[in-house]
2 protein chains.
Amino acid sequence: MKDKKRSRVTLQQVAEHAGVSRATASLIVRGSSKISEKTRKKVLESMRELGYVYDRVAANLRSQRSSTVGLIITDIANPFFSELLIGVHQELEKEGYTVLLGTTFDSDAKQDRLLSTMLEHRVGGVILCPVSDSSKETIDRIKQWDIPIIHAVRELSEVNCDYVGIDYKIGAQMAVGHLIRKGHRRIAFLGGSSESSAWQERKRGYCTALKQAGLDIDESLFIENAVTREGGKASLQQALRHSNPPTAAFCFNDLVAFGVMQGIKDMGLTPGKDMAVVGFDDVQEASISTPSLTTVSSFARLIGQHAADLLHQRIVNINRERQRIILQPELVVRGSS
Amino acid sequence: MKDKKRSRVTLQQVAEHAGVSRATASLIVRGSSKISEKTRKKVLESMRELGYVYDRVAANLRSQRSSTVGLIITDIANPFFSELLIGVHQELEKEGYTVLLGTTFDSDAKQDRLLSTMLEHRVGGVILCPVSDSSKETIDRIKQWDIPIIHAVRELSEVNCDYVGIDYKIGAQMAVGHLIRKGHRRIAFLGGSSESSAWQERKRGYCTALKQAGLDIDESLFIENAVTREGGKASLQQALRHSNPPTAAFCFNDLVAFGVMQGIKDMGLTPGKDMAVVGFDDVQEASISTPSLTTVSSFARLIGQHAADLLHQRIVNINRERQRIILQPELVVRGSS
DNA sequence: CTGAAAGCGCTTACAG
DNA sequence: CTGAAAGCGCTTACAG
């Protein structure tokens, strides 16, 4: 038996209780300064007595505004995204937004559904970390999208949007350059999907580093796989079946690197000794793993803050110039290389 | 210059375009079966042509329903909560809910604000992981709360709510019992706040284990601190200043344990050798840290799934009997003890 | 299936 | 400051 819920106290009822008009009560909840302190107090008192709760949904509907914002990430289990999420929340809460969160797990279909859901909920804008192989349909949809959207972490090259990410190319170049200086000549690039801009840019950095050292590029050392621990482990196993196996691994990110290190250990070998491993992101566990992980810091929280800030700016002024923020990565050398 | 946005296509416009009544169009978006296949197709075609987007906010306002649900956690940077979040999302998306996420960082004021925000956004219900020292005001508020609320992870004993958590007492008892069997007699309990039910239950388990072994309890070995790596490190340092220092540490959770292990390393000692460390939660990094961490598995994802399920049930039937789900923990022995 | 009306809880705009 | 009216985009209920 579904009970009819005790219905909400309305602004109307508050106004009646306080003996003012609905318009006045409305001005007060919105913090207008045009109301005398005396009436303001009286009305606020009535609200407290009646247990009034402002109905932001109704207000937004009427005024065609929005107080929510969507955040779509690919994997909440990746600490990189937890950090990014914290950054986004920090910034947006300041501005009074509430965040609708969605996770795609890198599925295009899921991403599509989430974009729809966000629209249906009238979000004021969306921060999107696109899945690596976004379909043409999705991209077309985003192009026609008429509410503010900011891309973060990965960029869809066909779409002209605000974007914030880091310079993956330079990061990869630093990581691979480091391995070369350590004497490695056969360096695998493990994990990730070649569909994503983040992968392509890392590859460019990888290639630049090899060219600068006068080394040839062996494409058979690029082994794509899921961006997870499991994917890392699997890609390592594949790398070791190579007729001329690599002596070092540059991993798509730290999560992949942890899987790779686990795989190395599983074979009775020692990461950092029998095989060098470098990650990407510098998540917190990178410093506490065994061995500690050499990696490239990608400032997830900062990316989140910037994305939130760009979104807010875009909501305030839909026509402002397009902005791209590219943060500079840093190499953190530890025990695994 | 704020541009007036291109306004939404309304159901009215769709109806006109398809040559049907608004009522019919409304029935179709809601998936009624009372409409002939022919008209249904025609209307869906019009929607596609016009780029119609269902306005769930308006629909919810009119029908006094809600398609959102609030989730309030204490710390998204803790992998335990990331896992819980995944569980919640998995369950609730099946039912078509969208999740509003809030993080309290264990601040009562923040929690209070988040509860208000959720109410103002007309959520259909809330899953709350209460902060450890929720104020009396907050508790009173929750008691009078008239929308479904599920408590997870921590329980406010004064509030009669659905709850899902694990049996912390048994978990702690297993962990401490393990340390005793390893020969430890002075075991510190590090991190967490004695205000929280999760802490109190762990303490009870700790005490039971000692009593069973015929050992005395030394309250000076209970060292409270923040539930973070930093808090863990600080509590370890305090423990080592003890005139009769402990030889083992039972940590409030894995995060604290990582900090404790870091602290041990910083002193030039080796965790697992010079001092045994046991955590709680079994987050993913527990298996890859150095040394790998002995810990108690607390099934975060499962907790999230159960909480979501309880909430859904409660929304469907506000009067159903109160339910408490207590999962049984498991001890995972690794290198740190 | 249609059509006209009312209403969810708010904001807006305007005359007083 | 008030009061009356209209409207945001839907759903509901009802007579036909």
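Throughout, a chain's letter reflects where its sequence line sits, starting with A, and its residues are numbered from 1.
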task = Please identify each residue that fulfils side-chain hydrogen bond (donor to acceptor under 3.5 Å, both in side chains) with Thr10(B), with sequence neighbours left out.
result = none
ask   = Considering residues at least two apart in sequence or located in another chain, which fulfil the side-chain hydrogen bond (donor to acceptor under 3.5 Å, both in side chains) criterion with Glu195(A)?
value = none
request  = Kindly write out the residues that satisfy side-chain hydrogen bond (donor to acceptor under 3.5 Å, both in side chains) with Arg320(A), not counting sequence neighbours, or none if the list is empty.
outcome  = Asp162(A), Gln313(A)
query = How is Val57(B) classified with respect to the nucleic acid when contacts are heavy atoms under 4.0 Å: base, sugar-phosphate, or nothing?
reply = nothing
message = Give me each pair satisfying side-chain hydrogen bond (donor to acceptor under 3.5 Å, both in side chains) with a member in residues 118-128 of chain B, each pair once, sequence neighbours excluded.
response = Asp55(A)-Arg122(B), Arg56(A)-Glu120(B), Ser67(A)-His121(B), Gln64(B)-Arg122(B)
Which protein N or O atoms sit under 3.5 Å from an N or O of nucleotides 6-8 of chain D?
| unit_1 | atom_1 | unit_2 | atom_2 | d |
| --- | --- | --- | --- | --- |
| dG7(D) | N2 | Arg62(A) | NE | 2.4 |
| dG7(D) | N3 | Arg62(A) | NE | 2.8 |
| dC8(D) | O2 | Arg62(A) | N | 3.1 |

ask   = Can you list every side-chain hydrogen bond (donor to acceptor under 3.5 Å, both in side chains) pair that touches residues 69-88 of chain A, not counting sequence neighbours?
value = Glu83(A)-Arg301(A)
task = Would you please confirm or rule out a distance under 4.0 Å between OP1 or OP2 of dT11(D) and any side-chain N or O of Arg56(B)?
result = no
message = Applying side-chain hydrogen bond (donor to acceptor under 3.5 Å, both in side chains), can you list everything that pairs with Arg324(B), at least two apart in sequence or on another chain?
response = Glu155(B)
inquiry  = Any side-chain N or O of Ser21(B) below 4.0 angstrom from OP1/OP2 of dG3(C)?
reply    = no
inquiry  = Considering only residues two or more places apart or on different chains, which pairs with a residue in residues 13-31 of chain B satisfy salt bridge (charged side-chain N to carboxylate O under 4.0 Å, His left out)?
reply    = none
inquiry  = Using side-chain heavy atoms (C-beta onward) and a distance below 4.5 Å, is Ile142(B) in contact with Ile149(B)?
reply    = yes
Contacts of Asp140(A) that satisfy salt bridge (charged side-chain N to carboxylate O under 4.0 Å, His left out) - sequence neighbours left out = Lys136(A)
Please list, pair by pair, any protein nitrogen or oxygen found under 3.5 Å from a nitrogen or oxygen in nucleotides 14-16 of chain C.
none

request  = Using both pair distances under 3.5 Å as the test, note the stems of at least 3 consecutive Watson-Crick or G-U pairs that include DNA chain D.
outcome  = C:1-3 with D:14-16, C:5-12 with D:5-12, C:14-16 with D:1-3
remark   = Taking dG9(C), dT11(D), dG3(C) as options, the one with an atom nearest any side-chain atom of Arg8(A) is dG9(C)
remark   = For Arg141(B), the salt bridge (charged side-chain N to carboxylate O under 4.0 Å, His left out) test, sequence neighbours excluded, returns Asp112(B)
message = Heavy atoms only, 4.0 Å cut-off, all strands: where does Val14(B) land among base, sugar-phosphate and nothing?
response = nothing
